[in-house]
Each structure stands twice: as structure tokens, then as C-alpha cells.
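Please read the structure below before turning to the comments.
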Amino acid sequence: MPTFTVLPVTLADSVDITRNNMSACWTNPSWRLSWTNVNKTLPYHISQVSLRTPHNLVADPARRRHQKAVNESGELVGYCRWVLPEGDPEETGKLWKEAKVKEAEELGEEEKAKLKRDYDSADFKPDSRLDVLDEPMSTRKKELMAKKNYFVLDFLTVHPDHRKQGIATKLVESGLREAEKFGFDVFVLAMEPALGLYQRTGFTLLDQFECDDSEFGGEGKYRWYLLEYIVNKE
């Protein structure tokens, strides 16, 4: 079994993170449909999301935390983004500092403005007709998250060439250790391929939704799962 290491993220990882994330997302038929319906290809989409990634990495440094998984040759093969519970920015900013993007607090205002301009310049317009399919799930998600100030597992991807090797598990467990340390319950929104991963790592199902994208040219039914991880508070 190959060896993988979980490490902090820097702005220099932006291109590799984009390539990893979009290659992973492109394997999901319902997600891919939002872009192929507006005549986007994977290479073009990667080129545009690459304009957005640096800004996303430095945005909201008080709450966002980022990690990457690299293999023995140093190749980035997985990525995870977590969002700390809402609170005093000075206090949340002190938590899990190892997973902060260090440049987020080092860049000057002019440099941050440049990243935001690049972000805004990207061609990032999915097929909005599909939004209606996920509205019931989105409404339920807001209801659940309003009941508790969760630590959110916001984004998790593993490159398609490196799946089924324990990378996602390693990334998830790294964040769960921090959740246990700080006493934060964790929320995640998942699609069907990841359901088993979250159940194996201790998440329990809160709700689920079935959608059907066939009327928009998709493959048909797909499911969303809303789950939580309860930390031991004793």
C-alpha cells in the first residue's frame, strides 16, 4: 500500500489543488452535467477554476482550514477543507493553526485584491437550471445547521487515479481528531460514493434526498446525504 502524508496547504499548491479537485468532481455525473450542459470541458474548467483557487485559499482565515495529501513522490493526491464553528474571529483564528494557509495572514491588501480580481474574472457559470433539483436538500441543510454551531467538513476530494487507498479516510480522521480536541460536533453533506467512508469514520445519517436529473440530460437518480459526527464531550 502506498504511503501518504497529510500536510498544510500553501498558495503554491493552488494549481495542483485545482487539478485534483476538478478531476475528482468531474467523475460525478450529476456535478459534471452542470458544466457539460454549458459546453465546458474538463481542461477548460480547470483553467478557469485555477483563477479562483488562490482567493479561496486565503479567504476567511479565521475559520477555514485546509489540508492536502501527498504521496511518496510529493504529488498532491487529495485535498480537504474544513470550516470552524462561528465565533469570535480572534478566538477561532487561534484554533488548528497548523491547517491555516500561512499566506492568508501575510498578504497585503493589494495582493489580496489581485487574487479577488482573478477570482472574479473566471468563467464560472454552471447550468443554473439544475439548481431546482437540490433546493429541498439545501433547505434541509440550512435547518439542520441552524440547530447547532457545527465544525463543517466543507470539501473533500481524492484524485481519481489514487482512490481506494485510504487517502480520504486519512484526511477525514485528521480533522476529526481536531474536532474531538475542541469539542466540536461535525457536519458533512455527502453524495453516494462517499457515504460508506463517513459511516466508517463515525458519522450518523440525519437525512437524505433523492434527485433525478434525467430531464436535463443527466443519467437519472442521485442521492444527497446529510450526516453528523458527535464528539465525546465527557
Side-chain angles (χ1 to χ4, degrees), residues 14-60 63-64 66 78-83 115-147 150 152-161 163 168 187-199 203 205-228:
S14 294
V15 172
D16 290 337
I17 287 172
T18 304
R19 187 178 299 112
N20 171 82
N21 293 357
M22 296 305 100
S23 297
C25 291
W26 209 259
T27 65
N28 184 306
S30 60
W31 188 93
R32 185 174 64 241
L33 186 66
S34 295
W35 301 102
T36 55
N37 270 5
V38 288
N39 302 312
K40 299 299 188 293
T41 64
L42 176 58
Y44 179 77
H45 194 56
I46 289 173
S47 74
Q48 296 305 297
V49 176
S50 292
L51 296 170
R52 294 166 57 92
T53 301
H55 171 73
N56 282 335
L57 290 179
V58 301
D60 196 5
R63 296 181 60 205
R64 289 190 181 187
H66 308 261
Y79 167 79
C80 194
R81 179 173 70 221
W82 301 80
V83 181
L115 296 184
K116 183 60 166 61
R117 289 195 297 272
D118 289 344
Y119 175 95
D120 291 337
S121 73
D123 179 6
F124 194 82
K125 298 175 182 177
D127 185 352
S128 59
R129 296 176 303 159
L130 278 69
D131 292 349
V132 66
L133 300 177
D134 298 330
E135 285 178 0
M137 173 277 294
S138 298
T139 298
R140 180 61 172 148
K141 177 185 175 184
K142 290 178 182 177
E143 292 173 354
L144 290 170
M145 294 188 66
K147 295 178 181 179
Y150 281 108
V152 179
L153 174 42
D154 194 44
F155 199 89
L156 173 67
T157 56
V158 173
H159 193 280
D161 293 343
R163 290 176 175 171
F187 179 89
V188 67
L189 171 66
M191 298 196 79
E192 197 155 5
L195 178 61
L197 161 69
Y198 294 124
Q199 291 178 326
F203 284 82
L205 185 64
L206 297 172
D207 210 337
Q208 61 183 298
F209 291 85
E210 183 174 89
C211 307
D212 190 328
D213 58 14
S214 56
E215 67 175 297
F216 299 103
E219 297 183 6
K221 294 180 180 179
Y222 63 95
R223 292 181 177 84
W224 288 107
Y225 299 90
L226 300 94
L227 305 100
E228 71 173 350

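Given the structure is predicted, the values throughout are model-derived calculations rather than measurements.
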Fill in the blank from the handout: Result for side chain to side chain contact (heavy atoms under 4.5 Å, CB included) between Val49 and one of Thr18, Ile17, Asn21, Asn56 points to Thr18
Handout entry: Spacing of Trp224 atom CH2 and Leu189 atom CG [to the nearest 0.5 Å]
Key = 5.0 Å
Fill in the blank from the handout: Arg140 meets the side-chain hydrogen bond (donor to acceptor under 3.5 Å, both in side chains) criterion, sequence neighbours left out, with Glu143, Asp207
Completion exercise
Those residues at least two apart in sequence (or on a different chain) that pass salt bridge (charged side-chain N to carboxylate O under 4.0 Å, His left out) with Asp213 are none
Exercise for the section: Measure from NZ or CZ of Arg52 to the centre of the six-membered ring of Phe124 and say whether it is under 6.0 Å with the direction within 45° of the ring axis. Expected result: yes
Problem - Set of residues satisfying ring pair (Phe, Tyr, Trp, His ring centres under 6.0 Å) with respect to Phe209, sequence neighbours excluded - result: none
Exercise for the section: Could you tell me which residues satisfy side-chain contact (heavy atoms from CB on, under 4.5 Å) with Leu51, sequence neighbours excluded, listed by chain and number? Expected result: Gln48, Ser121, Ala122
Problem - Listed partners of Ser47 passing side-chain contact (heavy atoms from CB on, under 4.5 Å), at least two apart - result: Tyr44
Practice task
With sequence neighbours left out, write down each residue that passes side-chain hydrogen bond (donor to acceptor under 3.5 Å, both in side chains) with Gln208, or none if nothing qualifies.
Solution key: none
Handout entry: With sequence neighbours excluded, residues passing side-chain hydrogen bond (donor to acceptor under 3.5 Å, both in side chains) with Glu210
Key = Arg223
Handout entry: Residue pair Trp31 / Met22, side-chain heavy-atom distance below 4.5 Å
Key = yes
Problem - Heavy-atom closest pair, residues Leu57 and Ser14 - result: CD1-OG, 3.5 Å
Practice task
Kindly determine whether Leu156 and Leu197 satisfy side chain to side chain contact (heavy atoms under 4.5 Å, CB included), including the steps that lead there.
Solution key: CA-CA 11 Å; Leu156 173 67; Leu197 161 69; 3.7 Å; yes
Problem - Arg64 backbone acceptor or donor facing Arg81 side chain under 3.5 Å - result: no
Practice task
Run the numbers on Leu226 and Leu144 for side chain to side chain contact (heavy atoms under 4.5 Å, CB included), then give the verdict.
Solution key: CA-CA 9 Å; Leu226 300 94; Leu144 290 170; 3.9 Å; yes
Handout entry: From CG (Asp161) to OG (Ser23), nearest 0.5 Å
Key = 8.0 Å
Practice task
First locate atom CG of Asn39, then atom CG of Asp127, and finally report the distance between them rounded to the nearest 0.5 Å.
Solution key: 10.0 Å
Handout entry: Any Leu195 side-chain heavy atom under 4.5 Å of Leu227 side chain
Key = yes
Practice task
List for me each residue that meets ring pair (Phe, Tyr, Trp, His ring centres under 6.0 Å) alongside Tyr150, sequence neighbours excluded, and say none if there are none.
Solution key: Phe187
Practice task
State whether Asp120 and Arg117 are salt-bridged, where the test is any N-O pair (Lys NZ or Arg NE/NH1/NH2 against Asp/Glu carboxylate O) under 4.0 Å.
Solution key: no
Completion exercise
Contacts of Arg63 meeting side-chain hydrogen bond (donor to acceptor under 3.5 Å, both in side chains) (sequence neighbours excluded), chain-then-number -> none
Exercise for the section: Could you tell me which residues satisfy ring pair (Phe, Tyr, Trp, His ring centres under 6.0 Å) with Phe203, sequence neighbours excluded, listed by chain and number? Expected result: Tyr198, Tyr229
Exercise for the section: If the plane angle is over 60° it's perpendicular, under 30° parallel, otherwise tilted; pick one for His45 and Trp26. Expected result: tilted
Practice task
Give every residue pair that meets the salt bridge (Lys or Arg N to Asp or Glu O under 4.0 Å) criterion with at least one member in residues 27-46, sequence neighbours excluded.
Solution key: Arg32-Glu219, Lys40-Asp123
Practice task
Carefully, step by step, assess Val38 and Lys125 under the rule side chain to side chain contact (heavy atoms under 4.5 Å, CB included).
Solution key: CA-CA 8 Å; Val38 288; Lys125 298 175 182 177; over 6 Å; no
Handout entry: From CA spacing to verdict: side chain to side chain contact (heavy atoms under 4.5 Å, CB included), Tyr222, Leu133
Key = CA-CA 10 Å; Tyr222 63 95; Leu133 300 177; 3.6 Å; yes
Fill in the blank from the handout: Distance col, row Thr139:OG1 vs Asp134:CG, nearest 0.5 angstrom, shows 10.5 Å
Fill in the blank from the handout: Closest non-hydrogen contact found for Leu153 with Cys80 is CD1-SG, 3.2 Å
Practice task
State, yes or no, whether a side-chain contact exists between Met137 and Cys211 at a heavy-atom distance under 4.5 Å.
Solution key: no
Problem - Point-to-point distance, once rounded to the nearest 0.5 Å, from CG of Asp118 to OG1 of Thr53 - result: 11.0 Å
Handout entry: Contacts of type side-chain contact (heavy atoms from CB on, under 4.5 Å), residue Asp212, not counting sequence neighbours
Key = Ser214, Lys221
Problem - Closest approach of Tyr119 to His55 (non-hydrogen atoms, all atoms of both residues) - result: CD1-CD2, 3.6 Å
Practice task
First locate atom OH of Tyr79, then atom CG of Asn20, and finally report the distance between them rounded to the nearest 0.5 Å.
Solution key: 10.0 Å
